[in-house]
Every structure is written in structure tokens, then in C-alpha cells.
Asker: 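Submitted below is the structure of interest, expressed as C-alpha cells.
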2 protein chains.
Amino acid sequence: MTGSDGAAPLERLSLNQITVDQWTLPEVVEGCARAGIGTIAPWREPVAQIGLQAAARLIADAGLRVSSLCRGGFFPTASASDRRRADDDNRRAVDEAAALGTDVLVLVCGPPLGRDLARAREEIAAGIERLAPYAAQHGVRLGIEPLHPMMIGERSAIVTLGEALDIALRFDAGVGVVVDAYHVWWDPALERELARAAGRIVGFHVSDWLVPTPDLLQGRGMMGDGIIELRRLRGLVEDAGYDGPIEVEVINRDLWRLPGDELVALVRERFAAAV
Amino acid sequence: MTGSDGAAPLERLSLNQITVDQWTLPEVVEGCARAGIGTIAPWREPVAQIGLQAAARLIADAGLRVSSLCRGGFFPTASASDRRRADDDNRRAVDEAAALGTDVLVLVCGPPLGRDLARAREEIAAGIERLAPYAAQHGVRLGIEPLHPMMIGERSAIVTLGEALDIALRFDAGVGVVVDAYHVWWDPALERELARAAGRIVGFHVSDWLVPTPDLLQGRGMMGDGIIELRRLRGLVEDAGYDGPIEVEVINRDLWRLPGDELVALVRERFAAAV
């Protein structure tokens with residue numbers, strides 16, 4: 001799993017689509033071919049842009065692996081009809097993951113709708129419970145991704161690895177957790193929770209924490225530009241038994257202004273140097 | 001402690017200086033007299049502007065109570081000489097707290113200096129260990145304030161109440177924790193950690209979490225404008241035995257543009273309605 005200098009081998013790099021948000025999905029596929037990257041993690045919107053079947057064919061024809069599909073979730077809803085719509089959409093996300101050839105659907109669980117955070121967390125667990133059997137039937141594992149606590153109002157009421165894991169462990173191994181360095185690195189309980197997550201980690205994402213952080217949602221740094229001990233964190237994740245793809249998911253508006261090939265070259269270089 | 005409508009009585013309101021950063025300390029003292037607010041929490045910089053003895057006299061002559069002084073801390077340092085300077089400064093902060101008539105010095109513990117977060121946390125615990133005897137001699141309790149994890153790079157490597165409490169419990173009751181709603185409300189372990197903090201809470205601060213949050217450091221909301229269940233949180237803090245002053249600490253650039261008296265009237269109104 002580890003090169004002679006301690007770096008993760010390039011074979012483990014998966015390019016998360018949003019890192020190169022300036023590209024369409026066909027451009028991502030072509031760019032990965034040029035850069036020698038063999039795995040991608042698409043988002044649903046750019047897949048929908050060209051159509052699911054076309055996307056699946058494009059990816060398969062290029063010989064690319066798919067590490068995960070981003071994303072299902074957003075479980076807290078304001079009404080029963082909203083809940084049915086969300087459930088339908090989450091089942092479609094499972095279908096899309098299966099069609100694209102990945103067995104991991106990333107769950108961004110959704111924010112509280114008002115002030116009742118405890119209720120939002122209950123609705124999230126209940127939503128996963130409704131979705132899990134369908135996902136299992138389709139050979140797709142659900143990856144609960146805890147998000148950084150600063151994103152609680154917009155993205156997810158699940159903000160620690162421990163909490164994500166507490167939910168996952170109510171189910172069999174078809175429900176796991178996604179460990180994103182950016183979202184969890186600050187947690188004083190991280191080492192303990194990663195050990196507890198052994199066998200349940202279904203994804204590992206990397207980027208970096210910039211000082212200062214320019215934006216709450218789109219201010220992530222390229223690996224090596226911030227203060228996360230990425231290599232140490234990768235070691236902890238590997239100690240917990242995860243040796244799968246490592247998704248580079250850098251959500252940064254400034255980097256989206258670069259030419260895609262230049263950005264992908266930087267991703268490769270920093271993956272080798274800092275991950 | 002609680003009015004007939006469940007609101008905290010106005011007597012518990014302490015105006016944290018930074019909420020009205022448009023005012024000098026003399027203006028804060030006069031403004032509180034006009035608004036019928038009996039307790040304040042000064043910061044060291046505005047105290048230094050008019051001189052410690054003058055500030056102490058001004059506050060005492062106005063009959064104001066002081067709930068805490070903000071702040072000591074910033075323990076991680078790059079060299080032995082920096083560490084000595086930080087220690088000297090923290091002892092001066094203790095002196096200032098005592099001179100101003102408060103028995104609580106708030107500790108903002110400081111960020112990691114590089115990528116070694118574990119080392120920063122060790123340095124923080126060691127720094128508190130060096131400071132605690134001096135504080136005890138001067139009748140000042142140290143309040144470790146965990147800050148929101150998004151502030152880790154600029155302000156504090158201590159980002160959860162549990163972690164702050166783990167440090168505090170290494171000492172006698174002269175070292176406690178400050179519970180700021182803004183910094184801790186997202187924590188799924190909050191209820192458990194507040195119960196564990198019984199007898200060690202030396203301060204309670206309120207503001208609100210805005211959606212969206214306009215700024216990582218200066219984007220806090222006035223109570224009632226965001227999504228924190230402040231009254232429920234106050235109940236948990238009271239269940240843990242804390243019945244002291246409640247500091248209103250709203251760090252928000254937009255509010256600093258208001259006339260001070262208008263802002264203080266809003267603080268009073270929202271304290272009654274939302275806390």
C-alpha cells in the first residue's frame with residue numbers, strides 16, 4: 001500500500017469530479033486518460049448532464065474504475081411528501097451508483113431544517129434505515145460522511161466520525177463511513193474513532209485545511225498547502241483496514257479557474273508528495 | 001434563575017465588550033448604566049487603552065460587576081523565549097483579572113504552529129499547568145474555552161468541550177471550562193459533556209449560529225437570528241450547576257456598524273426573548 005518513500009502509490013488516487021469542476025464528465029474521462037489516472041468519483045449532476053447510460057458507457061469504455069458516487073442523503077424533510085420525494089431520489093442514487101459500476105454511495109446527510117438538531121439526527125438515522133435494504137439489494141454500500149461542524153447549517157447535521165459510526169454500527173457492513181480528512185482532522189477523538197471504524201470505512205478523501213480558510217464551503221486547500229497531517233491520517237485509516245481508493249476532493253473556487261490539465265498535474269504531484 | 005416565561009432574568013446578562021466593539025471601555029460603562037446592565041466582561045486591549053488602574057476605578061465607581069476577563073492563553077510557541085514571553089503575559093492577564101475584580105480569566109488556548117496538532121495540545125496542557133498555581137495565588141480561576149473547530153488554525157487547538165474538560169479535570173476547581181454556545185452547540189456529545197462538567201463551568205456565553213455564516217471569525221449572530229436552541233442549552237448548563245452571569249458575546253462586523261445604544265437595546269431584548 002505504501003511506496004518506499006512512504007507515499008501512497010498513484011494507483012490509489014481517485015479523482016473526485018468536483019476537484020475539476022471546470023470540466024464536464026467527458027472532459028474528466030479524457031483528462032484522466034492523459035494523466036494516467038485510473039479511478040474517478042463522479043457527482044450525480046454532471047452524470048445527469050450527459051445521461052446515466054451514456055456516462056456509464058463512457059467510463060467503462062475508457063477502462064476507468066469508479067470509487068464512489070456523490071451523493072445521496074439530505075434526509076431531514078419538512079413534510080411527508082418531501083420525505084417520499086427524498087426517498088425516491090435516494091433510491092435513484094443507488095441505481096445510478098450500481099449502473100456506474102461502483103459499490104459506494106456517499107451520503108451527505110442534510111442540515112437541520114430549523115433549530116431541532118436532535119430531531120434532524122433522528123430523521124437521518126431513520127432515512128438510512130429506509131434506504132439500506134434497497135442499497136443492499138443492489139450491491140451498493142452506503143457511506144455516511146460526517147462533515148465539518150462549520151457546514152452543519154447547509155449540509156449535514158452529522159459532524160463527527162463518532163456520530164457517523166454510531167449510526168453505521170446499527171446496521172450490517174452494508175452501511176459504513178467515509179473519512180474525509182478535511183472534515184475530521186480537528187477531532188481530538190479521531191484516533192480512537194478510526195480504530196473503532198475498523199471494517200466500516202468505505203472511502204477516504206483528502207484535501208487540506210488552509211490558514212486562513214477563505215470560504216466555509218469552497219475554501220479547501222490542495223494537499224500540502226494546509227496544516228493537516230495527511231500522511232499520518234492515511235496511516236491511521238490504513239491501520240483500520242482500509243486499503244481502497246483515496247479520493248482527491250478539493251473544493252476550491254480559485255483552483256477551478258486553472259486549466260484542467262494543469263490542475264490534474266498538481267493533484268498527481270501533491271498526492272505523491274503529501275498523501 | 002428563570003423568569004415565569006422561562007427566560008433568564010436580566011440580572012444574569014453580562015455584556016461582553018467585543019459585542020460593542022464600536023465603543024471604548026468608558027463608553028461601554030456609560031452605555032451599560034443607561035441600559036440598566038450591571039455586569040460586563042472586558043477584553044484586555046480596551047483595558048490597556050485607558051490603563052489598568054483607570055479601568056478598574058471606572059468599573060468600580062460605576063458599581064459594575066465583572067464576569068470575566070478575556071483573555072489569556074495562546075500557549076503553543078515556537079521557541080523557549082517565546083514561551084517565557086507568553087508565560088509572562090499570561091501572569092499579567094491574571095493580575096489584570098484580579099485588579100478588575102473578576103475571578104475568571106478566559107483562556108483561548110492558541111492554534112498549532114504547524115501541522116503537529118498533538119504537540120500543540122500538549123503545549124496547551126503544559127502551559128495551563130505552569131499558570132494554574134499563579135492564578136490560584138491571586139484568586140483567579142482559569143476558564144478553558146473550547147472554540148469552534150473552524151477556528152483551529154487561527155485561535156485554538158482545543159475545539160471540543162470534552163477535550164477542554166479533560167484538561168481541566170487534571171487540576172483542582174481553580175481550572176474550569178467556559179461554555180460558549182456558538183463554539184459547542186453542534187457537538188453530538190454536548191449533553192454528556194455538560195453533565196460531566198458539573199462544578200467546573202466558570203462561564204456561559206451566548207450568541208447564535210447564522211445560516212449562512214458570513215465569516216469564520218466575525219460572523220456570529222444575535223441571539224434569535226440563528227439556529228442554536230439557546231434556551232435548551234441554558235437549561236443543560238444550569239443542570240450542571242452553573243447559575244452565574246451569562247455573557248452576550250456576539251462577534252459580528254455588521255452589528256459593529258450600529259449605534260452602540262441601539263445594539264445594547266437589541267442585546268437586552270434578545271436576551272429576554274431567546275436566552
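To find a chain, count down the sequence lines: A is the first, B the second, and so on, and within it residues start at 1. All heavy atoms count here, side chains included; hydrogens, waters and symmetry mates do not.
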Asker: How close do A:Val211 and B:Glu154 get, counting heavy atoms only, and between which atoms?
Answerer: CG1-OE2, 4.0 Å
Asker: What heavy-atom pair brings B:Ile227 and A:Gly114 nearest, and what distance separates the two atoms?
Answerer: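 Residues B:Ile227 and A:Gly114, closest heavy atoms: CB-O, 3.9 Å.
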Asker: Search all heavy atoms of A:Trp209 against all heavy atoms of B:Pro149 and return the closest pair with its distance.
Answerer: CZ2-O, 4.4 Å
Asker: Side chain, backbone, both or neither: which part of B:Ile228 has a non-hydrogen atom closer than 4.5 Å to chain A?
Answerer: backbone
Asker: State, to 0.1 Å, how close A:His148 and B:Met150 come at their nearest heavy-atom pair, and which atoms those are.
Answerer: CE1-N, 3.5 Å
Asker: Is it true that, when you exclude A:Arg119 itself, more than 12 heavy atoms of the residues, nucleotides or ligands shown sit nearer than 6.0 Å to its CZ?
Answerer: no
Asker: What part of B:Arg121 gets closer than 4.5 Å to chain A, counting heavy atoms only: side chain, backbone, both or neither?
Answerer: side chain
Asker: Considering residues, nucleotides and ligands other than B:Glu45, do more than 12 of their heavy atoms fall under 6.0 Å from its CD?
Answerer: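 Enclosed.
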Asker: Is it the case that over 12 heavy atoms from other parts of the model lie below 6.0 angstrom from the CD atom of A:Gln22?
Answerer: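 Enclosed: over 12 neighbouring heavy atoms sit under 6.0 Å from CD of A:Gln22.
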Asker: Quick one: closest heavy-atom pair of A:Ile152 and B:Trp186, and the distance?
Answerer: CD1-CB, 3.8 Å
Asker: If every non-hydrogen atom of A:Trp185 is compared with every non-hydrogen atom of B:Leu117, which pair is closest and at what distance?
Answerer: O-CD2, 3.7 Å
Asker: Given heavy-atom pairs under 4.5 angstrom as the criterion, report whether the side chain, backbone, both or neither of B:Thr160 touches chain A.
Answerer: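 For B:Thr160, the side chain is the part near chain A, not the backbone.
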